Amino acid sequence: MFAHGQTVISYVEKLAPKAMALEGDKIGLHVGTLQKQVKKVMVALDVLESVVDEAIAEGVDLIVAHHAVIYRPLKNLRTDKAAGRLYEKLLKHDIAVYTAHTNLDVADGGMNDWLAEAIGLEQVDMLDVSYREALKKLVVFVPATHRDQVFQAMAGAGAGWIGNYSHCSFQLSGTGTFLPREGADPHIGETGKLESVEEVRIETIIPASRQGAVVKAMLAAHPYEEVAYDLIPLENTGAGLGIGRIGQLPEPVTLRQLALTIKERFSLQGLRVIGDLEAPVRKVAVVGGDGSSYVSKAVFRGADVFVTGDIGYHTAHDAQAEGLFIIDAGHNLEKIMKEKLAAYLRERLQENGYATAVIASRVHTDPYQFL
């Protein structure tokens with residue numbers, strides 16, 4: 001059985017909900033449709049014509065990319081031009097393209113966590129908090145005989161998570177009353193007769209993004225024909241998520257050693273380094289892609305060195321003046337997402353019984369070469 005396109009994307013959005021994306025980011029479905037069966041998915045950093053050719057050769061139905069294939073407004077779709085030719089190939093071969101960009105950067109267990117892990121950082125924290133998820137309180141009344149069944153279903157769908165604790169709830173026993181009217185099909189009691197039942201009031205916290213899944217699981221597990229429950233918006237918010245990470249290396253190393261380690265671990269042809277190569281560093285900030293606007297944040301958070309890409313000449317001078325070292329490993333550092341996201345999707349699909357294959361693009365899309 002092959003997964004529906006929307007099912008594949010539901011797994012992407014579980015890891016990286018669209019609400020986490022920075023304002024104005026070009027995320028979501030860019031080309032084609034998700035209303036189809038998907039036999040093969042390819043994860044790519046960039047959607048270039050060479051990547052599309054690879055997808056065609058591999059028989060891919062859906063590309064999940066990090067960078068938007070439609071970034072600037074289209075003025076035309078001329079197939080004698082490079083951009084139009086790319087879209088023509090996608091449409092002719094019924095290949096859909098979906099983009100997860102800053103939402104994947106921000107996500108817990110997403111891009112910037114993958115980078116921090118590969119560098120070897122410990123005691124990792126957010127560099128810059130950009131998103132705090134809204135929370136709701138779910139209150140449901142359950143017959144005592146079905147308390148555990150309903151609560152486990154809710155927790156399994158994402159309810160009751162507070163920090164590193166799961167299955168958090170408050171439960172209170174009491175008496176529920178109801179009178180089934182004509183046309184009702186009560187699980188307990190008889191039509192026209194007032195009933196009193198020992199019930200449990202279960203209160204738990206849910207992220208707003210998981211509301212649909214938790215309520216669906218709760219209703220499916222609940223024995224009543226009509227379920228009494230409340231959803232209450234809360235002023236308090238969930239844990240902060242954001243762009244970039246900051247953490248410590250296990251031991252201090254020189255700037256040169258760290259740069260060479262990053263070059264090796266990310267299979268880079270070269271990188272640019274700003275700072276004293278023999279100076280010791282330990283506290284490291286990292287932002288995948290263009291991190292030039294986060295230099296001041298790295299300084300504020302006390303980083304010794306900032307690992308990112310696309311640092312401009314004058315920004316480098318500003319960092320020097322502040323005493324911040326920089327390792328500019330290039331925007332293509334984010335290629336780590338290809339294998340990481342492919343592995344995540346492969347695992348989700350397999351555990352749910354789908355035969356849909358997931359591959360990582362093998363095309364090298366970094367436009368820069370080092371001589």
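From a predicted model like this one, the values you see are computed outputs, not experimental measurements. The first residue of the sequence shown is numbered 1, and numbering continues consecutively from there.
Under the 4.5 angstrom side-chain criterion for Ile, Leu, Val, Met, Phe, Trp and Tyr, Leu260 has no cluster partners at all.
Within the 4.5 Å cutoff, no side-chain heavy atoms of Thr254 are placed close to those of Leu277. Using a 4.5 Å cut-off on side-chain heavy atoms (C-beta onward), Thr261 and Phe266 make no contact. Side-chain contact between Arg85 and Glu49 is present, with heavy atoms from C-beta onward closer than 4.5 Å. Between Leu62 and Val97 the shortest side-chain heavy-atom distance does not fall below 4.5 Å. Side-chain contact between Val38 and His4 is absent, with no heavy atoms from C-beta onward closer than 4.5 Å. Residues Pro180 and Glu225 form no side-chain contact, since every pair of their non-hydrogen atoms from C-beta on lies 4.5 Å or further apart. Put simply, the side chain of Val43 does not reach to within 4.5 Å of the side chain of Glu339, judged on heavy atoms. By the 4.5 Å heavy-atom criterion applied to side chains, Leu268 and Lys335 are counted as neighbours.
Judged purely by distance below 3.5 Å, without hydrogens or angles, the side chains of Thr102 and Asp25 pair a donor atom with an acceptor atom. Using modelled atom types, one finds no donor on one side chain facing an acceptor on the other under 3.5 Å when comparing Thr33 with Gln35. For His331 and Asp366, the side-chain atoms include no donor-acceptor pair closer than 3.5 Å.
Counting non-hydrogen atoms of neighbouring residues, nucleotides and ligands closer than 6.0 angstrom, the OH atom of Tyr71 reaches no more than 12 such neighbours. Annotation: Lys39, atom NZ; neighbour count of heavy atoms from other residues, nucleotides and ligands within 6.0 Å does not exceed 12. The number of heavy-atom neighbours closer than 6.0 Å to CD of Glu351, taken from other residues, nucleotides and ligands shown, is above 12. Remark: Lys14 NZ is loosely packed, at most 12 non-hydrogen atoms of other residues, nucleotides or ligands lying under 6.0 Å away. For Asp108, the CG atom counts as loosely surrounded, since its 6.0 Å shell holds 12 or fewer non-hydrogen atoms of other residues, nucleotides or ligands. Heavy atoms from other residues, nucleotides or ligands lying under 6.0 Å from CD of Glu58 number more than 12. Heavy-atom contacts from other residues, nucleotides or ligands closer than 6.0 Å to CD of Glu264 number 12 or fewer.
Between Lys340 and Glu117 there is a salt bridge, with a side-chain nitrogen of the basic residue lying less than 4.0 Å from a carboxylate oxygen of the acidic one. Residues Asp128 and Lys297 are paired through a salt bridge, judged by an N-O separation under 4.0 Å between the basic side chain and the carboxylate. The existence of a salt bridge linking Asp53 and Lys89 is confirmed by a sub-4.0 Å separation between a basic side-chain nitrogen and an acidic carboxylate oxygen.
Nearest heavy-atom pair, Pro250 versus Arg282, reported as atom, atom and distance to 0.1 Å: O-NH2, 2.6 Å. In terms of heavy-atom proximity, Leu138 sits nearest to Met154 at CD2-CE, 3.6 Å. Contact between Phe325 and Ala279 at its shortest, heavy atoms only, is CE1-CB, 3.5 Å. Residue Ile27 comes nearest to Ala21 through the heavy atom pair CD1-CB, 3.5 Å, listed as atom of the first residue, atom of the second, then distance. Of all non-hydrogen atoms in Ile311 and Gly291, the two that sit nearest each other are CD1-C, 4.4 Å. Summarising the geometry of Val287 relative to Leu115, their closest heavy-atom pair is C-CD1, 4.4 Å, with the distance given to 0.1 Å.
Paired with Leu349 under the rule side-chain contact (heavy atoms from CB on, under 4.5 Å), one option of Tyr344, Phe2, Tyr11 passes, and it is Tyr11.
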(request) Check step by step if side-chain contact (heavy atoms from CB on, under 4.5 Å) holds for Thr7 and Asn352. (result) CA-CA 10 Å; Thr7 299; Asn352 286 284; over 6 Å; no
(request) With side-chain contact (heavy atoms from CB on, under 4.5 Å) as the test, would you mind laying out the steps for Glu195 and Lys193 before giving the verdict? (result) CA-CA 6 Å; Glu195 296 291 340; Lys193 180 182 177 181; 3.6 Å; yes
(request) Evaluate the criterion side-chain contact (heavy atoms from CB on, under 4.5 Å) for residue pair Val106 and Ser130; output intermediate values, then yes/no. (result) CA-CA 8 Å; Val106 167; Ser130 63; 3.8 Å; yes
(request) Let me see the working for Asp105 and His66 under side chain to side chain donor-acceptor pair (under 3.5 Å), right down to the final yes or no. (result) CA-CA 9 Å; Asp105 292 335; His66 188 51; 3.2 Å; yes
(message) Between Glu199 and Tyr224, is the side chain to side chain donor-acceptor pair (under 3.5 Å) condition met? List the steps.
(response) CA-CA 12 Å; Glu199 293 186 338; Tyr224 285 175; 2.8 Å; yes
(request) Start with the C-alpha gap between Glu203 and Ser169, add the side-chain angles, then the distance that decides, and say whether side-chain contact (heavy atoms from CB on, under 4.5 Å) holds. (result) CA-CA 5 Å; Glu203 298 185 16; Ser169 73; over 6 Å; no
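Ring to ring, His317 and Tyr313 are close: their centroids are under 6.0 angstrom apart. Separation of the His67 and His101 ring centroids falls under the 6.0 Å cut-off.
Put simply, the side chain of Asp125 never gets that close to the backbone of Ile246: no donor and acceptor are under 3.5 Å apart. Side chain of Glu54 to main chain of Arg362: a donor-acceptor pair is present (N/O by atom type, distance under 3.5 Å, no hydrogens or angles). Judged by distance alone, with hydrogens and angles left aside, the side-chain atoms of Arg301 form a donor-acceptor pair with the main-chain N or O of Leu127 at under 3.5 Å. Using a distance-only test at 3.5 Å, with no hydrogens or angles considered, no donor-acceptor pair links the side chain of Trp161 to the main chain of Ile206.
Using the six-membered ring where Trp is involved, His167 and Phe151 have ring planes that are perpendicular, over 60° apart on the 30 and 60° scheme.
Note: the hydrophobic cluster containing Val299 does not contain Ile327 (ILVMFWY, side chain heavy atoms under 4.5 Å, direct or indirect links). Ile243 and Met111 are not part of a single hydrophobic cluster, where members link through side-chain heavy atoms under 4.5 Å apart. Cluster membership for Val286 and Leu255, using ILVMFWY side-chain heavy atoms within less than 4.5 angstrom, is shared. Ile205 and Ile202 are not part of a single hydrophobic cluster, where members link through side-chain heavy atoms under 4.5 Å apart. Hydrophobic cluster membership differs between Val215 and Val139, with clusters built from Ile, Leu, Val, Met, Phe, Trp and Tyr side chains linked at under 4.5 angstrom.
For residues 230-250, the pairs satisfying side chain to side chain donor-acceptor pair (under 3.5 Å) are Asp113-Arg245, with sequence neighbours left out.
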